[in-house]
Engineer: 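Here you go, one structure.
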Amino acid sequence: VLSLPKEAEISGYSHVVIDWNPMGHVPPGVYDKPHFDFHFYLISPAQREKITAKGEDLARAHKAPAPEFMPEGYVLPEGTEVPRMGAHAVDPAGPEFNKLPFTKTFIYGFYDGSIAFLEPMVTQAFLETKPNVTDPVKLPKAYSRHAYYPTRYSVKYDGAQREYVISLEGLISR
């Protein structure tokens, strides 16, 4: 968990959680490669900790947003609910769902019908290529939570610093 500085509060993001998935995760044949999840949270750590995705909370964890709050083309599949996260909306038009290897993708996270996080997911193999790429982000027509939303995201390797930068870019107040 990376807490953001107080100055970042205006952005709407409270913290970032980086997850390492050495065996990947569901669905098999899609996201089952070693990869990192970079969750940029629009909810507080306390709110995130209350998400159990079990029992009575399962319905809240999987509650779909109103159509105007879902980016065009994205779907919220059953079984993507995760404790301390919520449900994961994916873009079936993404390369990984169309017979191309999973390298990177952009996920939207929801809880109780409202956006909870934005998530670039990047494979270890892709990072090892020392990329310098920027991709557009599909946006919803409306927003349930005020924040600065990205119009693109980048995965870059900085050779001088010997570090990777995963960033949300082109932020627009919505």
Side-chain angles (χ1 to χ4, degrees), residues 1-4 8-9 11-98 101-127 137-150 153 155 166 168 174:
V1 176
L2 303 171
S3 297
L4 297 176
E9 285 180 4
S11 71
Y13 299 92
S14 65
H15 62 293
V16 178
V17 175
I18 302 172
D19 293 308
W20 166 237
N21 298 279
M23 306 301 286
H25 54 66
V26 295
V30 181
Y31 297 136
D32 57 358
K33 306 287 182 260
H35 70 271
F36 291 92
D37 298 341
F38 300 92
H39 295 91
F40 291 79
Y41 278 96
L42 294 163
I43 59 175
S44 72
Q47 290 170 307
R48 184 175 62 82
E49 287 297 322
K50 290 180 182 177
I51 300 171
T52 65
K54 296 184 187 332
E56 292 180 13
D57 192 54
L58 184 58
R60 283 188 295 279
H62 190 74
K63 181 179 177 186
E68 66 270 20
F69 299 128
M70 180 71 79
E72 187 174 339
Y74 273 69
V75 297
L76 194 65
E78 289 285 334
T80 65
E81 308 84 13
V82 177
R84 294 184 308 280
M85 288 183 196
H88 295 69
V90 298
D91 181 4
E96 67 272 20
F97 290 105
N98 293 282
F102 163 49
T103 57
K104 61 185 170 25
T105 196
F106 197 84
I107 307 277
Y108 277 87
F110 292 93
Y111 178 75
D112 202 18
S114 184
I115 191 163
F117 63 85
L118 299 144
E119 176 190 355
M121 256 178 18
V122 184
T123 65
Q124 177 182 1
F126 186 69
L127 290 173
V137 171
K138 290 184 178 179
L139 302 172
K141 289 183 171 84
Y143 299 85
S144 60
R145 189 181 302 279
H146 176 76
Y148 283 78
Y149 290 89
Y153 76 103
V155 179
I166 314 302
L168 304 181
R174 307 279 185 168

Engineer: Taking only residues two or more places apart in sequence, or in another chain, which ones meet K33 in a salt bridge (Lys or Arg N to Asp or Glu O under 4.0 Å)?
Structural biologist: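 Result, salt bridge (Lys or Arg N to Asp or Glu O under 4.0 Å) vs K33: none returned.
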
Engineer: Classify the side-chain pair E119/Y108 by whether it contains a donor and acceptor separated by less than 3.5 Å.
Structural biologist: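 Note: E119 and Y108 side chains miss the donor-acceptor criterion.
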
Engineer: Kindly give the heavy-atom pair with the smallest separation between A147 and G12, and that separation in Å.
Structural biologist: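 Reported closest heavy-atom pair: CB-CA, 4.0 Å.
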
Engineer: CG/L4 to OH/Y13 distance, rounded to the nearest 0.5 angstrom?
Structural biologist: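 Spacing of CG (L4) from OH (Y13) equals 10.5 Å.
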
Engineer: For the residue pair K138 and M70, establish whether any side-chain heavy-atom pair is separated by less than 4.5 Å.
Structural biologist: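 They are not in contact (no side-chain heavy atoms under 4.5 Å apart), so the answer is no.
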
Engineer: For Y143 together with F69, are the ring centres under 6.0 Å from each other?
Structural biologist: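 Not close enough - the centres of the two rings lie 6.0 Å or further apart.
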
Engineer: State, yes or no, whether a side-chain contact exists between P140 and Y149 at a heavy-atom distance under 4.5 Å.
Structural biologist: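 When only atoms from C-beta onward are counted, Y149 and P140 do not touch, as no gap falls below 4.5 Å.
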
Engineer: Could you walk me through whether V90 and F97 pass the side chain to side chain contact (heavy atoms under 4.5 Å, CB included) test, one step at a time?
Structural biologist: CA-CA 10 Å; V90 298; F97 290 105; 4.0 Å; yes

Engineer: Can you tell which of L168, T105, V137 makes a side-chain contact (heavy atoms from CB on, under 4.5 Å) with P120?
Structural biologist: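 Of all the options given, the one that passes is L168.
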
Engineer: Shortest non-hydrogen contact from P92 to N98?
Structural biologist: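 Distance-wise, the nearest heavy atoms are O-ND2, 3.0 Å.
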
Engineer: Does the Q47 side chain pair with the main chain of S44, one donor and one acceptor, at a distance under 3.5 Å?
Structural biologist: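 Looks like yes, one N/O pair under 3.5 Å.
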
Engineer: Can you tell me how far apart CG (L58) and CD1 (I51) are? Round to the nearest 0.5 Å.
Structural biologist: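 One finds 12.0 Å between CG of L58 and CD1 of I51.
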
Engineer: Rounded to the nearest 0.5 Å, how far does OG of S11 lie from CG of L42?
Structural biologist: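 It comes to 8.0 Å.
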
Engineer: Listed by chain and number, what are the salt bridge (Lys or Arg N to Asp or Glu O under 4.0 Å) partners of R48, not counting sequence neighbours?
Structural biologist: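 Residues passing salt bridge (Lys or Arg N to Asp or Glu O under 4.0 Å) with R48: none at all.
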
Engineer: Hey, does V17 have a side-chain heavy atom less than 4.5 Å from the side chain of F117?
Structural biologist: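 Not touching, per the 4.5 Å side-chain cut-off.
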
Engineer: State which residues pass salt bridge (Lys or Arg N to Asp or Glu O under 4.0 Å) with D32; sequence neighbours excluded, sorted by chain then number.
Structural biologist: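 Partners of D32 under the salt bridge (Lys or Arg N to Asp or Glu O under 4.0 Å) test: none.
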
Engineer: Between P45 and S14, is there a side-chain heavy-atom distance shorter than 4.5 Å?
Structural biologist: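 In short, these two side chains touch, coming nearer than 4.5 Å.
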
Engineer: Scan side-chain atoms only and decide if H39 and H15 contain a donor-acceptor pair under the 3.5 Å cut-off.
Structural biologist: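 Note: H39 and H15 side chains miss the donor-acceptor criterion.
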
Engineer: Could you tell me whether a side-chain N or O of H146 sits under 3.5 Å from a main-chain N or O of R174, the two making a donor and an acceptor?
Structural biologist: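 Yes, the answer is positive, given that a donor and an acceptor are paired below the 3.5 Å cut-off.
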
Engineer: Assess the pair F106 and Y153: is the distance between their ring centroids shorter than 6.0 Å?
Structural biologist: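 Ring centroids of F106 and Y153 are less than 6.0 Å from each other.
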
Engineer: Residues in side-chain hydrogen bond (donor to acceptor under 3.5 Å, both in side chains) with D112, at least two apart?
Structural biologist: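 If we apply the side-chain hydrogen bond (donor to acceptor under 3.5 Å, both in side chains) test to D112, skipping adjacent residues, there are no hits.
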
Engineer: Using the salt bridge (charged side-chain N to carboxylate O under 4.0 Å, His left out) rule, collect all pairs that involve residues 53-62, keeping only residues at least two apart or in two chains.
Structural biologist: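 Residue pairs with at least one partner in residues 53-62: D57-R60.
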
Engineer: Would you indicate whether the side-chain heavy atoms of F110 and E81 approach each other to under 4.5 Å?
Structural biologist: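 Contact flag for E81/F110 side chains = no.
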
Engineer: Can you name the closest pair of heavy atoms from H62 and P77 and give their distance?
Structural biologist: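 Distance-wise, the nearest heavy atoms are CE1-O, 3.1 Å.
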
Engineer: Looking only at non-hydrogen atoms, find the nearest pair between P83 and T52 and report the distance.
Structural biologist: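 Looking at all heavy atoms of both residues, the shortest contact is CG-O, 3.4 Å.
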
Engineer: Quick one: closest heavy-atom pair of L76 and P65, and the distance?
Structural biologist: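 Shortest heavy-atom separation between L76 and P65 comes out as CD2-CD, 4.3 Å.
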
Engineer: Mark yes or no for whether D37, through its side chain, and N21, through its backbone, hold a donor-acceptor pair below 3.5 Å.
Structural biologist: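 Pair absent, no side-chain N/O of D37 close to backbone of N21.
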
Engineer: Does CD in E49 sit with more than 12 non-hydrogen atoms of other residues, nucleotides or ligands closer than 6.0 Å?
Structural biologist: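 More than 12 within 6.0 Å, yes.
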
Engineer: Assess, by modelled atom type and distance only, whether the side chains of T103 and T123 contain a donor and an acceptor separated by less than 3.5 Å.
Structural biologist: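 Their side chains do not contain a donor-acceptor pair, so the 3.5 Å distance test is not met.
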
Engineer: Mark yes or no for whether H88, through its side chain, and T80, through its backbone, hold a donor-acceptor pair below 3.5 Å.
Structural biologist: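 Yes.
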
Engineer: Between L2, I107, D19, I18, which is the residue that forms a side-chain contact (heavy atoms from CB on, under 4.5 Å) with F38?
Structural biologist: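 With F38 as partner, L2, I107, D19, I18 yield a single side-chain contact (heavy atoms from CB on, under 4.5 Å), made by I18.
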
Engineer: F36 versus V155: any side-chain heavy-atom pair under 4.5 Å?
Structural biologist: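 A side-chain contact is absent here, since even the closest heavy-atom pair is not under 4.5 Å.
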
Engineer: Determine whether the aromatic ring centres of Y148 and F40 lie less than 6.0 Å apart.
Structural biologist: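 Distance test on ring centres: not under 6.0 Å, no.
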
Engineer: Please list, chain by chain and in numerical order, all residues satisfying salt bridge (Lys or Arg N to Asp or Glu O under 4.0 Å) with E78, sequence neighbours excluded.
Structural biologist: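 E78 satisfies salt bridge (Lys or Arg N to Asp or Glu O under 4.0 Å) with no residue once adjacent residues are dropped.
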
Engineer: Please step through side chain to side chain contact (heavy atoms under 4.5 Å, CB included) for the pair F102 and M121, ending with a clear verdict.
Structural biologist: CA-CA 9 Å; F102 163 49; M121 256 178 18; 3.7 Å; yes

Engineer: If you define the side chain from C-beta out and look only at heavy atoms, does anything of V122 sit under 4.5 Å from H35?
Structural biologist: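 V122 vs H35: side chains apart.
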
Engineer: Atom CD of E68 and atom NZ of K141: how far apart are they, to the nearest 0.5 Å?
Structural biologist: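 E68 CD to K141 NZ: 9.0 Å, rounded to 0.5 Å.
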
Engineer: For atom CZ of R145, is the number of surrounding heavy atoms from other residues, nucleotides or ligands below 6.0 Å larger than 12?
Structural biologist: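 Atom CZ in R145 is crowded, with more than 12 foreign heavy atoms closer than 6.0 Å.
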
Engineer: Taking all heavy atoms of A61 and all of A87, pick out the closest pair and write down the distance.
Structural biologist: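 That would be O-CB, 3.2 Å.
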
